[in-house]
Amino acid sequence: MDIKERIEIIDDDITRQPVHAIVNAANSSLLGGGGVDGAIHRAAGPQLLAECRTLGGCPTGQARITKGYNLPAKYVIHTVGPVWEGGDQNEDRLLENCYRNALKLAVEHDIRTIAFPSISTGIYGFPIERASRIAAKTVKAILEQEQRIEKVFFVCFGQHDYQVYQEAVKEVFGTE
Ligand code: AR6
C-alpha cells in the first residue's frame with residue numbers, strides 16, 4: 001500500500017476512535033491529568049487508573065501500555081511528551097522518542113491501527129508547527145520500515161490544529 005494511504009488526519013475526539021490503540025499524552029506519574037489525558041481516563045473508566053498505578057510512572061520520551069477498558073480501543077499507549085522550554089532542552093528528540101516508542105510497543109502487541117493526539121502541544125506548550133513536522137517525519141520513517149503497522153491517525157482537536165497537521169503531512173509525505 002502507498003505510504004500516503006497509511007496516514008490520516010482527523011478532527012475529532014480521540015476517545016471515540018475505533019482503532020486498536022490510542023496514544024495518551026500523559027505526564028510522568030501516569031496518574032491522570034487534564035487535556036487529552038483527562039478525557040481518556042474519563043472515557044476509559046476507573047480501571048484505567050487502577051492499572052496505571054501498577055506501572056510506577058514513565059520517563060519523558062518513553063511509553064507504557066495498558067488495556068483500553070470502556071474505550072472502543074483495545075489498548076492505550078501512554079507516552080510522556082517533553083515540556084517546551086524554548087527548544088534547547090532536547091525537546092525535539094524527546095518528542096520524536098514518544099512517537100518511536102509508542103509505535104515500538106504497537107508492533108510488539110500486534111497493533112495495526114493507532115491514533116495519536118498532538119503530543120506536548122497543549123498544556124506542555126510545544127509549538128504545534130514544529131511538533132507536527134516531528135510527528136509526521138518520525139511516523140513516516142517508521143511506516144517505511146514497518147509493514148505491520150497498517151494505519152496511523154493523527155487526531156487533532158479543532159480546525160486550527162487540523163490545518164497545521166495537513167500542511168505538515170503534505171510537506172513530509174509529498175503533495176499529491
Ligand atoms: N481528543 C483529541 N485531542 C485532544 C483531546 C481529545 N479528547 N483533548 C485535548 N486534546 P494536552 P500535553 C488535544 O494538554 O501538551 C495533561 O494534564 C489538545 O488540544 O492534553 O502533552 C497530562 O497529564 C492538544 O492539541 O497534552 C500532562 O500533565 C493535544 O491534545 C500534560 O497535560 C495535547 O494537549 C501533557 O500536556
Side-chain angles (χ1 to χ4, degrees), residues 1 3-27 30 32-45 48 52 58 61 63-82 84 94-107 109 111-143 146 149-173:
M1 205 201 289
I3 195 150
K4 287 178 210 158
E5 290 168 32
R6 293 165 68 205
I7 188 87
E8 188 171 334
I9 307 159
I10 294 180
D11 177 3
D12 200 1
D13 180 344
I14 201 168
T15 65
R16 293 153 35 96
Q17 302 311 307
V19 287
H20 293 156
I22 64 171
V23 176
N24 182 16
N27 61 65
L30 298 184
V36 72
D37 193 5
I40 289 172
H41 275 274
R42 276 193 300 278
L48 179 61
C52 283
C58 177
R64 301 286 185 268
I65 191 164
T66 65
K67 290 187 256 179
Y69 300 100
N70 297 335
L71 292 164
K74 184 173 181 195
Y75 296 103
V76 179
I77 295 176
H78 307 260
T79 187
V80 183
W84 179 256
L94 290 167
L95 186 63
E96 181 183 326
N97 288 347
C98 289
Y99 288 91
R100 281 193 182 286
N101 287 318
L103 288 168
K104 188 162 174 251
L105 274 179
V107 169
H109 288 80
I111 288 161
R112 308 209 166 239
T113 57
I114 180 168
F116 283 92
S118 182
I119 299 164
S120 280
T121 69
I123 294 164
Y124 280 179
F126 204 120
I128 191 167
E129 287 76 11
R130 182 160 168 159
S132 57
R133 278 160 182 82
I134 293 168
K137 276 187 201 158
T138 309
V139 165
K140 181 174 183 240
I142 293 166
L143 288 178
E146 187 48 78
I149 304 277
E150 282 165 17
K151 190 140 183 179
V152 173
F153 297 86
F154 289 131
V155 183
C156 297
F157 213 44
Q159 266 300 309
H160 170 263
D161 290 6
Y162 178 83
Q163 292 299 340
V164 173
Y165 268 78
Q166 286 283 0
E167 281 303 310
V169 166
K170 232 191 235 176
E171 212 176 280
V172 171
F173 282 74

(message) How long is the straight-line distance from OG of S132 back to CD of E171, given to the nearest 0.5 Å?
(response) 8.5 Å
(message) What I'd like to find out is whether the side chain of L103 reaches to under 4.5 Å of the side chain of V107, using heavy atoms alone.
(response) no
(request) Go through I65 and I111 one step at a time and tell me if the side-chain contact (heavy atoms from CB on, under 4.5 Å) criterion holds. (result) CA-CA 11 Å; I65 191 164; I111 288 161; 3.9 Å; yes
(request) Any chance you could lay out the side-chain contact (heavy atoms from CB on, under 4.5 Å) test for V19 and I114, step after step, and finish with the verdict? (result) CA-CA 6 Å; V19 287; I114 180 168; 6.0 Å; no
(request) With sequence neighbours excluded, tell me which residues meet side-chain contact (heavy atoms from CB on, under 4.5 Å) with F157. (result) D13
(request) Of all the heavy-atom pairs spanning D11 and G158, show the shortest one and how long it is. (result) OD1-N, 2.9 Å
(request) Rounded to the nearest 0.5 Å, what's the gap from NZ on K140 to NZ on K4? Could you check? (result) 9.0 Å
(message) If I compare all heavy atoms of C52 with all of H41, which pair ends up nearest, and what's the gap?
(response) SG-CE1, 4.0 Å
(message) Can you give me the closest heavy-atom contact between G68 and A44, atom names plus distance?
(response) O-CB, 3.7 Å
(request) Mind checking the CZ-CD1 spacing from F116 to I10? Nearest 0.5 Å is all I need. (result) 13.5 Å
(message) Minimum heavy-atom separation for G45 and N70, please, with both atom names.
(response) CA-ND2, 4.1 Å
(request) Answer whether the closest heavy-atom distance between the side chains of V23 and Y99 falls below 4.5 Å. (result) no
(message) Once rounded to the nearest 0.5 Å, what's the spacing between atom CD1 of I14 and atom SG of C156?
(response) 9.5 Å
Per-pair distances, 0.1 Å, donor-acceptor, side chain in residues 74-82, under 3.5 Å, sequence neighbours excluded:
| from | atom 1 | to | atom 2 | distance (Å) |
| --- | --- | --- | --- | --- |
| H78 | ND1 | N24 | ND2 | 3.3 |
| H78 | NE2 | T66 | OG1 | 2.9 |
| T79 | OG1 | Q62 | O | 2.8 |

(request) Mind listing the closest non-hydrogen atom pair of L48 and K67 along with its distance? (result) CD1-O, 3.7 Å
(request) Answer yes or no: is there a side-chain heavy-atom contact under 4.5 Å between I128 and Y165? (result) yes
(request) For R133, look at atom CZ and say whether over 12 heavy atoms of other residues, nucleotides or ligands are found less than 6.0 Å away. (result) yes
(request) Nearest 0.5 Å please: distance from the CZ atom of F154 over to the CD1 atom of I7. (result) 4.0 Å
(request) Say whether, by atom type as modelled, one donor and one acceptor occur between the side chain of R64 and the main chain of C58 under 3.5 angstrom. (result) no
(request) Report the residue from L143, V139, T113 that forms a side-chain contact (heavy atoms from CB on, under 4.5 Å) with R6. (result) L143
(request) Step through the shown structure and confirm whether more than 12 heavy atoms of other residues, nucleotides or ligands are within 6.0 Å of NZ on K151. (result) yes
(request) Look at the side chain of D12 and the backbone N and O of V155, then say whether any donor-acceptor pair between them is shorter than 3.5 Å. (result) no
(message) Show the nearest heavy-atom pair for residues A168 and A136, with the distance to one decimal.
(response) O-CB, 4.2 Å
(message) Nearest 0.5 angstrom please: I134 CD1 to E96 CD, how far?
(response) 7.5 Å
(request) Taking the side chain as every heavy atom from C-beta outward, state whether W84 and Y124 have any atom pair closer than 4.5 Å. (result) no
(request) Just jot down the side-chain hydrogen bond (donor to acceptor under 3.5 Å, both in side chains) partners of R42, sequence neighbours excluded, or say none. (result) none
